[in-house]
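Report on one structure; see the data block that follows.
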Amino acid sequence: MIKQYIYDQVVAILDAAGLKHEGEFYIEVPNNPEFGDFSTNAAMILAKENKKSPKAIAEILIKELKKHKGFKKVDIAGPGFINFVLSPQYYQDSLWEIQEAGESYGDSDFGQEEKVLLEFVSANPTGPLNIVSARAAAFGDTLYRVMKKVGFDATREFYINDAGNQVDILAESVELRLREIQGEKMEEFPYEAYHGEYVKHLAQRLNSQEGVRFFMMPEKERMEHLKEFALNEIHQMQQNSLEKFGVVFDSWVSEKTLRMEGVVEEVLSYLAEADCTYEKEDAIWFCSTKFGDDKDRVLMKSDGSITYFVPDLAYHLTKLQRGFTKLIDVFGPDHHGYVPRLKAAFQALNYDDEMLEVIFLQQVNLFESGERIKMSKRAGKIVTMDDLLSVVSKDAARYFFIARKANAHLNFDLDLALKKNNENPVYYCQYAHARICSILKKAKKDKVLPKTWKKELVTKLVKPEELALIKKLTEFPELLISIAQQREPYRLTMFAEELAGMFHRFYAKFQVVSDKHKELSQARLLLMDNIRAVLALCFELMGISAPEKM
RNA sequence: GCGCCAGUAGCUCAGUCGGAUAGAGCAUCAGCCUUCUAAGCUGAGGGUCAGGGGUUCGAAUCCCUUCUGGCGUGCCA
C-alpha cells in the first residue's frame with residue numbers, strides 16, 4: 001500500500017515536470033537497510049526516453065519529494081536509485097492500525113469473490129495416502145486458506161477415481177488375500193496386484209464380517225460387492241489421514257457417480273458436435289493436435305471402453321457448470337504430459353483454456369541413513385502419510401511440505417525427522433511465539449501490562465529495531481496477496497522465519513518488561529503482542545499450532 | 001529423439017519486473033545464561049550462481065548453446 005502511495009507521488013511529480021514515464025519502474029524494499037526503507041529505480045529507467053541523465057531526473061524528483069512530511073529523508077545513491085526513509089510516525093501509526101485490525105489483519109478484497117476451485121490430492125482410492133499426497137494436502141490447504149483471506153471464494157475438492165482398471169485390480173487383490181485366509185493354496189502373488197499390507201487388512205475385515213458366505217455370491221455380484229467394500233474402506237482411511245493432518249475438503253466428487261449421470265456420453269457428443277473426433281482402427285480419437293497437443297488422443301478404445309481422459313474432462317466441465325471461473329489443479333510431476341490434451345479440449349469446446357491452471361508439485365524423495373528409498377505402490381513399498389505422522393508432528397510435517405517451491409524436488413530426511421531434534425525451522429518460529437507469550441505473562445504478573453492499549457504508546461517506539469519490526473509487520477498484507485496471486489505458499493514460511501528472527505534478535509538486545517520505564521515497556525508490549533498476533537496468523541494459514549509455551 | 005522441471009556455500013534451500021557488497025538455516029570453529037524461555041543471541045570461515053557465448057548503464061535473473069539429474073512421451077490411471 002505504501003509502495004503504491006510512493007509510486008503515485010512520483011508519477012504526479014513527473015507529470016507536473018512534463019517528463020515521460022512509459023518505461024515501467026518500481027518501488028521496492030532494498031535488501032540492504034542502509035539504502036533506506038524503500039527505493040525506486042525510476043530515474044534510471046526513465047533516463048533514456050526523456051534524454052536526460054538519471055541524475056538529472058533524480059534531482060527533479062528529490063526536490064519535490066522532500067516537501068512531503070511522510071518522508072524523513074529522500075536521496076540519490078549509486079547509479080541513480082532514489083532512496084526513501086519514512087518518518088517514524090508513519091510506522092507508529094501503522095502499528096496502531098495492525099493492532100486495531102486484530103485477526104482480520106491481512107484480509108482484503110483482492111480476489112473479488114472470484115469462484116476458484118482448488119483440486120488437490122485426488123489420490124487413487126486403491127491404497128493409503130503416501131507422502132506425495134501429504135505434500136499436496138499441505139500445499140493445497142495453505143493456498144486455499146491464503147486465497148480465502150485475500151477475498152477469493154475458494155473451494156477445496158477431492159476427485160475420487162473410483163472407476164476404471166485400478167479398481168478392478170484392487171478388488172481382485174482383496175479377493176486373493178481373502179482366499180489365502182480361507183486356506184487356499186496360492187501360487188506367487190501376481191505382480192500386477194496390490195501388494196500392500198492394507199490389502200490383507202481389508203481381506204481380514206471382510207472375512208470376519210462375511211466369512212465363507214461371501215464366496216456363495218455369483219461372480220459378478222461378488223466383485224461389485226468387493227469393489228464397494230474396498231473403496232469405502234479406503235476412502236474412509238484416506239479421509240481419516242487427511243483429518244489428522246488438519247486438511248478438510250469441502251467436497252468429494254466420485255468418478256463413478258459422474259459416469260452414472262451420463263457425463264461421458266455428453267462429452268463424447270460435445271466433441272463430436274464440435275467436429276473434433278474421428279474413427280481410426282476401431283477406436284474414437286480426439287484431434288487434440290489441432291489445439292497444440294503433441295498427438296491425437298484416444299477417447300474410446302477399440303474394445304468399446306473409455307479412456308481416463310473422458311470422464312476427467314467431463315469432471316472439469318462440471319466445475320465450470322458449477323460456476324467456477326478459475327480451476328486450479330495440483331498435480332504430481334507425472335501428469336505434465338496430460339495437461340495439453342485437457343487444454344486442447346477446453347479450446348475445442350470453446351472454453352477459455354486460461355481458466356484451467358495446473359500446478360505441478362515435484363516428487364518427494366525420502367532419505368533414510370543417507371540412502372534414497374525407492375517407493376513402489378504396486379509392490380507395496382510405500383511410506384504412507386500415517387507412517388510419517390507417527391514419527392513427525394503434524395506441525396513439522398505441514399511446515400516442511402510447504403516450505404519449498406512447488407516445482408522443486410523435496411528431500412525428506414527421515415533420520416532427521418525421527419531424531420525429533422530442533423533442526424526444523426518450524427520450532428524457531430513457534431519458539432518466538434511462545435517467548436512472546438511468556439513476556440506477556442510476565443508483564444501481567446508484574447502489573448506492567450495495561451488492561452487496554454492506549455494509542456499514545458506508539459510514539460515511544462523510535463529505535464531502529466522497533467521501527468524495523470513494525471515495517472516487517474506492514475509487509476504482511478501485500479505478502480498474502482502475492483502468495484495468492486503467484487500460488488506460492490512457501491513464502492509464508494520465509495516471512496515467518498524472518499519475523500521470528502528479527503524478534504529473537506530484539507529479545508536478546510532489549511529488555512521488554514521493566515517497571516522503571518513503564519510507558520516504554522507498555523509500548524514494547526504492544527509491539528510484541530502484534531508480532532505474536534501476526535505469527536499466529538501465519539501459523540493459522542499454515543495449519544500449524546501457535547504454542548503459548550514450549 | 002522430442003517435451004516439461006531443476007542445477008546457487010560441505011548439506012537443504014531463498015534470491016519477486018534485470019539493480020547497489022549473492023543471502024538464510026543446518027553443519028564446523030570461537031564466544032554469551034544472578035535480568036522477560038539458551039528450542040535463543042554474537043562473531044568467524046566457507047561461492048567459477050553447472051560450462052560457454054549474447055543482449056545493456058547493469059545479468060544468478062532475459063536470449064542462444066553445451067553438460068548433468070528427475071519426470072513424461074500408453075487404446076494405463
Side-chain angles (χ1 to χ4, degrees), chain A residues 24-26 28-32 34-35 39 41 44-45 47-48 53-54 77-81 83 124 126 161 163-167 169 255 280-285 294-295 297-309 311-312 332-340 360 362-363 365 370 400 403-413 416 421-432 434-443 445-446 448 479 482 485-486 488 490-491 493-494 497-498 500-501 503-514 521 524-525 528 549-550:
Chain A
E24 280 199 27
F25 62 91
Y26 56 86
E28 66 160 6
V29 177
N31 37 25
N32 187 339
E34 279 174 28
F35 299 138
S39 78
N41 59 349
M44 287 177 290
I45 296 288
K48 202 174 265 178
S53 71
F81 290 100
N83 295 335
N124 278 341
T126 52
N161 295 126
N165 285 344
Q166 80 279 15
V167 181
I169 297 172
E255 179 185 352
K280 193 178 89 183
E281 295 161 1
D282 296 326
I284 297 176
W285 296 68
D294 290 343
K295 51 185 81 170
R297 307 291 172 174
V298 171
L299 299 169
M300 188 184 280
K301 305 180 216 170
S302 49
D303 67 1
S305 66
I306 224 85
T307 60
Y308 168 81
F309 173 56
D312 192 48
D334 50 342
H335 278 66
H336 69 242
Y338 178 72
V339 176
F360 292 105
Q362 291 298 319
Q363 67 195 58
N365 296 325
F400 208 94
R404 207 131 309 187
K405 273 195 278 196
N407 56 11
H409 290 203
L410 183 83
N411 293 328
F412 204 109
D413 187 334
L416 203 66
N421 63 14
N422 309 312
E423 284 166 23
N424 197 313
V426 66
Y427 292 103
Y428 185 77
C429 300
Q430 289 183 319
Y431 185 47
R435 263 183 153 178
I436 296 175
C437 289
S438 180
I439 294 173
L440 293 168
K441 215 185 208 166
K442 162 104 164 118
K445 196 175 139 223
D446 292 359
V448 179
L479 174 81
S482 176
Q485 209 172 11
Q486 310 289 327
E488 290 179 333
Y490 76 93
R491 289 172 60 188
T493 64
M494 295 183 58
E497 282 170 48
E498 285 162 12
F503 160 74
H504 284 308
R505 285 187 285 276
F506 184 85
Y507 179 93
K509 197 166 172 184
F510 301 99
Q511 178 79 18
V512 175
V513 181
S514 141
S521 282
R524 285 180 175 168
L525 284 165
M528 293 300 120
K549 59 181 172 190
M550 289 171 75

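So that the names make sense, note that chain A is the first sequence line, chain B the second, and so on, each numbered from 1.
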How close or far is atom [atom2] of [N] from atom [atom1] of [X], stated in whole angstroms?
X	N	atom1	atom2	value
A:N365	B:rC5	CG	C1'	13 Å
A:E497	B:rG15	CD	C1'	14 Å
A:Q430	B:rA38	CD	P	17 Å
A:E488	B:rU16	CD	C1'	8 Å
A:M300	B:rA77	CE	P	13 Å
A:L410	B:rC13	CG	C1'	11 Å
A:N407	B:rC71	CG	C1'	13 Å
A:F506	B:rU42	CZ	C1'	17 Å

In Watson-Crick or G-U wobble terms, both distances under 3.5 Å, what is the partner of [N]?
N	value
B:rU61	none
B:rC33	none
B:rC17	none
B:rC4	B:rG70

Distance between the [atom1] atoms of [N] and [M], in whole angstroms?
N	M	atom1	result
B:rA24	B:rA14	P	16 Å
B:rU28	B:rC11	C1'	12 Å
B:rA6	B:rC64	P	15 Å
B:rA20	B:rG58	P	14 Å
B:rA59	B:rG54	P	12 Å
B:rC41	B:rG25	C1'	15 Å
B:rU73	B:rC17	P	32 Å
B:rG69	B:rA30	P	40 Å

At under 4.0 Å, does any side-chain N or O of [X] touch on OP1 or OP2 of [N]?
X	N	value
A:N124	B:rA77	no
A:K280	B:rC75	no
A:R404	B:rA14	no
A:N161	B:rA77	no
A:K405	B:rG15	yes
A:Y431	B:rA39	yes
A:Y507	B:rA38	yes
A:N41	B:rC17	no

task = Would you please classify the geometry between the A:F510 ring and the A:F506 ring as parallel, tilted or perpendicular, with 30° and 60° separating the classes?
result =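 If you compare the ring of A:F506 with that of A:F510, the planes turn out tilted.
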query = So A:Y308 and A:H335, would you call those rings parallel, tilted or perpendicular, with 30° and 60° as cut-offs?
reply =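 Ring orientation, 0 to 90° scale: perpendicular.
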Please check this pair: side chain of [X] against backbone of [Y], looking for a donor-acceptor N/O pair closer than 3.5 Å.
X	Y	answer
A:R524	A:Q511	yes
A:H504	A:Y431	no
A:N41	A:Y26	yes

For the side chain of [X], starting at C-beta, report the closest nucleotide among [options].
X	options	result
A:A283	B:rC75, B:rC36, B:rA20	B:rC75
A:I45	B:rC76, B:rG70, B:rG19	B:rG19
A:V298	B:rC71, B:rG74, B:rC75	B:rC75
A:Y26	B:rC71, B:rG19, B:rU73	B:rG19
A:E28	B:rG19, B:rU16, B:rA77	B:rG19
A:P333	B:rC36, B:rU16, B:rC71	B:rC71
A:F81	B:rA20, B:rA77, B:rC36	B:rA20
A:H335	B:rA20, B:rA77, B:rU16	B:rA77
A:W285	B:rU35, B:rC75, B:rG19	B:rC75

Report yes or no: is there a donor-acceptor pair, N or O only, under 3.5 Å between the side chain of [X] and the base of [N]?
X	N	answer
A:N83	B:rA20	yes
A:E281	B:rC75	yes
A:R505	B:rU42	no
A:T307	B:rC75	no

Over-ring placement of A:R435 relative to A:Y507, 6.0 Å and 45° cut-offs =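 The answer is yes; both the distance and angle limits are met.
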Comparing A:G164 and A:Q362 on RNA chain B - which has the more 5′ nearest nucleotide =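 Nearest nucleotide further toward 5': that of A:Q362.
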request  = Name the residue closer to the 5' end of RNA chain B, choosing between A:H504 and A:Y490 according to the nucleotide with the nearest heavy atom.
outcome  = A:Y490
Residue pair [X] / [Y], side-chain heavy-atom distance below 4.5 Å:
X	Y	result
A:L299	A:F309	yes
A:P311	A:I306	yes
A:F25	A:M44	no

task = Check whether the side chains of A:R297 and A:T307 place a donor and an acceptor atom closer than 3.5 Å, and report yes or no.
result = no
Just checking [X]: base, sugar-phosphate only, or nothing, at a heavy-atom cut-off of under 4.0 Å?
X	answer
A:F309	nothing
A:H336	base
A:K549	base
A:S39	base
A:F360	nothing
A:K301	base
A:A500	nothing
A:F503	nothing

ask   = Under a 90° cut-off about 0 for the syn range, is B:rC11 syn or anti?
value = anti
note = Assigned chi class of B:rC57 under the 90° convention is anti
